[in-house]
Amino acid sequence: MSISRRNFLKASALTAAAAAIGVEPLHKSSVLAAAVQESVVWYKSVCRFCGVGCGVMLGVKDGKPFGIKGDKECPVNKGLLCVKGFYLHRMITAKNRLLHPLVRKNGKLEKASWDEAMDLVASRFKEILEKDGPNALAYYGSGQAQTEETYLAQRLFKGYIGTNNADGNPRLCMASAVGGYTTSFGADEPIGTYKDIEHCNLFLIIGSNTAEAHPVIFDLLVQRKKDSPSCKIIFIDPRKTPTNRIVDLHLQVKPGYDLAIMHAIARQLIKDGYTDEQFIKDSVNFSNGKDPITYDDYKAFLEKYTPEYAAEQADINPADIVKAARMFGESPTAMTMWCMGVNQRVAGVFLNNLIHNIHLLTGKLGKPGCDSFSLTGQPNACGGVREAGGLCHILPGHRLVANEQHRKVVAEIWKTSPDKIQPTPGKHTVAMFGAAAKGEIKGMYILCTNPAQSLPNLNKYIPGMKDTFLVVAESFYPTETSKIADVVLPVAFWGEKEGVYGCTERRSQHLAKALNPSGESRWDGDVIVDLAKRMGYGKGFEHFKGPEDVWSEYQKTTAGTDMDLSGATYDRLKKVRGLTWPVPDTSHPGTWHRFTEGDPYFPKDKAGNRRMYFYAKPDGKAVIFARPDKGPEEPVSAEYPVVLTTGRILEQWHTMTMTGQIPELVRANPVPYAELNPDDAKLWGIKNRDKVKIITRRGLLTVKAKVIDRTRKGTIFIPWHWPESLTNILTIDAVDPGSFEPEYKVAACQVAKA
Ligand SMILES: Nc1nc2c(c(=O)[nH]1)N[C@H]1C(S)=C(S)[C@@H](COP(=O)(O)OP(=O)(O)OC[C@H]3O[C@@H](n4cnc5c(=O)[nH]c(N)nc54)[C@H](O)[C@@H]3O)O[C@H]1N2
Ligand SMILES: Nc1nc2c(c(=O)[nH]1)N[C@H]1C(S)=C(S)[C@@H](COP(=O)(O)OP(=O)(O)OC[C@H]3O[C@@H](n4cnc5c(=O)[nH]c(N)nc54)[C@H](O)[C@@H]3O)O[C@H]1N2
Ligand code: SF4
Ligand SMILES: [Mo]
C-alpha cells in the first residue's frame, strides 16, 4: 500500500511539531502506520487553552483521539502551537475524566443516574426559587465555556429564573479591560487585530508574561523582530520573565505602582511634540472621571508626573521613562499589549485608561501597526462572556441589563417577558461568593470553572460554598470545587462537542465535534436545556436541538450592534478560519480596524473628515482620562515587608485539572514553589530548594524556594497552579471599584525559612 503525499505531509507535520518543541513525538511509528492506512480523520478546531485562539487539527482514528497539529491555514498561528496545545488530545482520555453523575448522600459523593441528579437539581432550585426568590440562585460560568453554553445559561438564569446573579470567571481576569475599553472608547474589545503585529515597529508590553501565557503571540513578536530589525520592545513588569529575552528596555517596577509611569510617558509625549493634534481635535474628549475637562486642564494635571516622580513611585530609573516615551513617540507605529499585571489590580480600570491615553494622544490607533491591544486570558472570554452577556450587568450583543430598550430586544429573542429580566445588575463574582457565605445565595450552578481554587482569599469563601447547594458541571474529577459540591454533572470535553470560541482579536472560530462524549458525559448546553425543562421552562427551550440552533438565535441578538455576527453562520464558520466582527452579512469578509474606514458601521456622513469616529460614544469622540495614580490596596508594612505577586508558568493551566494529567508537562515544574530574588534569599538566609513559609494577613503556605534572578528585590512570585498548595489562601479579595476584579497581583507578606 503506498502512502499518499497528502497523508505523508500530515504525518510529517505532526512529527515536526513534536521535534520543534524538543519532545519525542508521541506516536512516531504509529503516525506513519496510520497515514498508510489513511484512517485518521482530521477535524478543524481551536485550542481550548489561552486567548490567542490557535487553530488546531484534531486527528481521530477508530473513534479515539490520535494526534494534534497546528492548523497551517489558520491566520492566527499558521500551524504553530505551544506545549499546552500540543498535548490537548491526550487530555480527552485522561485518567481523571468524570464519567458519571455524582450526588452527595450522607456527606459523601456517590454515583447516580442522570435522572436522579437532574431531578434533584431542578427540585432544589425550584424550592429555593419559591421560598427565597430568584436572587437566592446564581450561575457562575467561564471564559472557557463555548459561546452556546454561556448564552443558554444567561437565557435560563436572567431570562427565565429571573436573576442577574449570573457572572463568570472573566470577572477575575478581563473585567478591568472591559471597563477600560467601554469608558475610553465606548465599546468593549480591541480596535485592531493580530495583523497589526506584522506592521508594528514598537511594542509596549506591560503586565504580560507573553512568552509563557500567550506563547504563540510571543512567537509572532520574535518573527516580527526578525523581519524588521528596527522593531523595538519596551517591557514594564516587576519580573525578568522569559518574555525578557526579546525586550530592548525593561522597566522593572515595584508591583502596584506603575500608573504614574503611564502619566509620565503621556507628559513626555506632549513635551516632545509627539502628539497628533488633529486627531485629538477631531476624535478626543478629556475627563477627570466625573466631569469634562479641557486639553489644557489635562496638561496641567500631568505636570505632577515628572519622570522623577514616577520613577520614585515605581522605584526605577527616571531616564528609562523618558527613553520609553521617546521610543513610543518616535515610532510611526505602536502597539501596547497587556494582561493580568494590569487588570488584576484595584486600579485596573484606571491603568487600562492610561494605556489608551497614550494611543489617543499620538493617534496610534485604527491604522496598520497601531493598537491599544489587550491580551485576553481564556479562549472564549471575549466570544462567550463579553459578547454573549456572561457577566451580571450585561446581555448578549454588548447590551446592558440596566437599559430598558436592550432588555426588550433580548427578551423578545429569548421568548420571555421583558419584566422577567431584572433592570439592575446582579452580584459580581466576589460579591456572589460573599452572599453565599452569608447564606443569601442558597443554590449555585457552576460551569467550566473551579472557584474553590481560583477565588482570592479562599479561607473566607470556602465555608459558604460548602453550605450552598452547589451544582458543578465538570469534565474532570476531583477538583477543589467538585469535592465540596452537592451534585457533580459529567460533561463532554473539548473535541467531544461542537461550538464557537471568540479569541483576543474579535475572531469567532468554529470547533468541530470529533468524538463521542466519554462515559455518560453530556454536552453542557444539553444539560442546561434539560434543567430548564425540568424547572418548567420547557416551552422557551424546546426549539434547541443542538449547538447550531443556539448559535443561530444568538446571532440575532448581535444584529446591528457594534459586534454584529449576522454574517458568521455555522455553515460559513465551518469552512473559514474564523471571522473578525463586525461581519454584518454572509458576504462580508470581517473587519480589521473598528471605528474607521473599513468598519461597516463607520458613519461616513457623521465622521466627515475625521479619520476615526468612535460611534459607541454620543459625539463619536473617545476619552482621555486624568486618573489619579492609585496604589495597591495592601502596601508593604514593617510587619508584612515583602510583596507577593502570583501568576502563571508555561506548562500549566490554572488549577491543573487538565495540564496536570500530562507527565511531560508536570515534569517541567513538579512541585509548588515561590520565586525569590537571590539578594533577598541571601538576606533572609534561604537557599534554593529550602522550604519557606509565606504568611499574609489571610493565611500561611509552605512551598519550596526557587532562588532565581527574576523578581525584583522585595518581591516574591508564586505560580498559583497546584491544588495541593492553595496560593489563594494568601491573596487579597479587594476589588477594583469599577470592574470588581480582585487584586491577585499585589499583597503584603512575610517570608521565612520553614
Ligand atoms: N501557560 C499558561 N498560559 C495561560 C494561562 C495559564 O494558566 N497558563 N492562563 C490564561 C489566562 S486566563 C490569563 S488571564 C493569562 C494571564 O497572562 P499574564 O497576565 O501574562 O500572566 P500572569 O503570570 O498572571 O501575570 C503577568 C505578569 O504580570 C506581572 N505583574 C505583577 N504585578 C504587576 C504590576 O504591578 N505591574 C506590572 N506592570 N506587571 C505586574 C507579573 O510579574 C507577570 O509577569 O494567561 C493565559 N494563558
Ligand atoms: N492567585 C491567583 N489566582 C487567580 C489568578 C491569578 O493570576 N492569581 N488568575 C485568575 C484568572 S485570570 C482566571 S481566568 C481564573 C481561572 O480559574 P478557573 O476557571 O477556576 O480555573 P480552571 O482550572 O481553568 O477551571 C476550569 C474548570 O473547568 C473544567 N472543564 C474543562 N473543560 C470543561 C468543559 O468543557 N465543561 C465544563 N463544564 N467544565 C470543563 C476544568 O476541569 C476545570 O476544573 O483564576 C483566577 N485566579
Ligand atoms: S498559544 Fe494558547 S491557544 Fe495557542 S496552542 Fe498555546 S495555549 Fe493554545
Ligand atoms: Mo484569566
Side-chain angles (χ1 to χ4, degrees), residues 46-54 56 70 76-77 80-86 88 91 96 142-146 149 169-170 172-174 206-210 212-219 236-239 241 243 251 253-258 314 338-345 351 375-379 381 446-456 472-477 479-482 489 491-494 496-497 503 524 527 632 643 645-659 710-711 715 717-721 727-728 730-731 742 744-746:
V46 186
C47 173
R48 77 146 330 282
F49 291 114
C50 83
V52 175
C54 295
V56 302
V76 171
N77 56 318
L80 294 173
L81 287 183
C82 82
V83 280
K84 291 179 297 302
F86 185 75
L88 192 39
M91 298 169 204
N96 65 337
S142 172
Q144 296 161 59
Q146 294 174 336
E149 297 161 358
N169 63 4
L172 313 176
C173 178
M174 301 314 298
I206 169 167
S208 150
N209 181 3
T210 326
E212 295 195 78
H214 294 93
V216 167
I217 292 188
F218 183 77
D219 289 342
I236 305 183
D237 198 292
R239 300 164 55 224
T241 64
T243 306
L251 280 56
V253 294
K254 198 158 85 184
Y257 293 94
D258 43 8
W338 68 98
C339 205
M340 292 307 118
V342 168
N343 294 346
Q344 289 173 339
R345 308 264 298 274
L351 187 47
L375 300 179
T376 300
Q378 297 174 95
I446 295 177
L447 184 146
C448 205
T449 176
N450 190 3
Q453 184 173 345
S454 56
L455 290 176
V472 177
E474 249 298 345
S475 302
F476 298 90
Y477 187 85
T479 72
E480 292 308 295
T481 312
S482 58
L489 304 169
V491 288
F493 184 56
W494 179 89
E496 300 173 336
K497 57 182 179 180
C503 71
D524 272 302
V527 181
V643 186
T645 191
T646 64
R648 295 158 168 78
I649 55 172
L650 173 69
E651 299 82 3
Q652 292 303 331
W653 179 262
H654 299 160
T655 68
M656 286 174 81
T657 60
M658 298 168 274
T659 46
R710 280 211 176 152
T711 71
T715 298
F717 168 76
I718 308 188
W720 66 280
H721 303 293
T727 304
N728 278 322
L730 300 174
T731 49
Y744 291 107
K745 286 293 180 266
V746 196

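Along the sequence shown, the residues carry numbers beginning at 1. Every number for a ligand or one of its atoms is a count from 1 in the order of the listing. Only heavy atoms go into these numbers, but all of them, side chains included; no hydrogens, no water, no symmetry mates.
Of the polar atoms of K745, at least one N or O is found under 3.5 Å from an N or O of ligand 2, judged by distance alone. Residue contacts with ligand 2: N169 is placed with a nitrogen or oxygen under 3.5 Å of a nitrogen or oxygen of the ligand (distance criterion only). Residue T479 places no N or O, backbone or side chain, under 3.5 Å from any N or O of ligand 2. Between H654 and ligand 1, an N or O atom pair is found at a separation short of 3.5 Å.
Distance check for C47 against atom 8 (Fe) of ligand 3: an N/O/S atom falls below 2.8 Å.
When the options F717, W653, W338, F49 are ranked by their closest heavy atom to atom 10 (C) of ligand 1, first place goes to W653. Among R648, Q378, M174, the residue whose heavy atom sits closest to atom 12 (S) of ligand 2 is R648. The option with the heavy atom closest to atom 35 (O) of ligand 2, from among M658, Q144, K497, is K497. Taking each of T727, I718, D524 in turn, the one with a heavy atom nearest to atom 37 (C) of ligand 2 proves to be D524. Which of C50, S454, A473 comes nearest to atom 20 (O) of ligand 2 through a heavy atom is settled by distance: it is S454.
Atoms of ligand 1 found under 4.0 Å from any heavy atom of I206, numbered from 1 in the order shown, are 38 (N). Atoms of ligand 1 lying under 4.0 Å from at least one heavy atom of T241, given by number and element, are 44 (O). When each atom of ligand 1 is checked for a heavy atom of L650 under 4.0 Å away, the hits are 1 (N). Under a 4.0 Å criterion applied to the non-hydrogen atoms of G256, ligand 1 contributes the atoms 34 (C), 35 (O).
For I649, the closest heavy-atom approach to ligand 1 falls below 4.0 Å. Ligand 1 is never approached by Q344 to a heavy-atom distance shorter than 4.0 Å. Put simply, no part of H214 is less than 4.0 Å from ligand 3, judged by heavy atoms.
Protein heavy atom at the shortest distance from atom 32 (N) of ligand 2 is R48 NH2, 3.3 Å. Regarding atom 6 (Fe) of ligand 3, its nearest protein heavy-atom neighbour is C82 SG, 2.3 Å. Looking at atom 28 (O) of ligand 2, its nearest protein heavy atom turns out to be C448 C, 3.2 Å. Of the protein's non-hydrogen atoms, N728 OD1, 2.7 Å is the one closest to atom 1 (N) of ligand 2. Nearest protein heavy-atom contact of atom 2 (Fe) of ligand 3 is C50 SG, 2.3 Å. Protein heavy atom closest to atom 44 (O) of ligand 2, with residue, atom name and distance, is E474 OE2, 2.3 Å. In this structure, the protein non-hydrogen atom closest to atom 4 (Fe) of ligand 3 is C54 SG, 2.3 Å.
Residue C339 touches ligand 1 through backbone and side chain together, judged by heavy-atom distances below 4.0 Å. Contacts with ligand 2 closer than 4.0 Å are made by backbone heavy atoms (N, CA, C, O) of A492 only, the side chain lying farther away. For D258, every heavy-atom contact with ligand 1 shorter than 4.0 Å involves the side chain, none the backbone.
The structure places CG of L80 at 12.0 Å from CD1 of I217, a figure rounded to the nearest 0.5 Å. Note that the CE atom of M174 and the CG atom of N343 stand 5.0 Å from one another [nearest 0.5 Å]. Of the inter-residue distances, the one linking N728 atom CG with L172 atom CG reads 9.0 Å to the nearest 0.5 angstrom.
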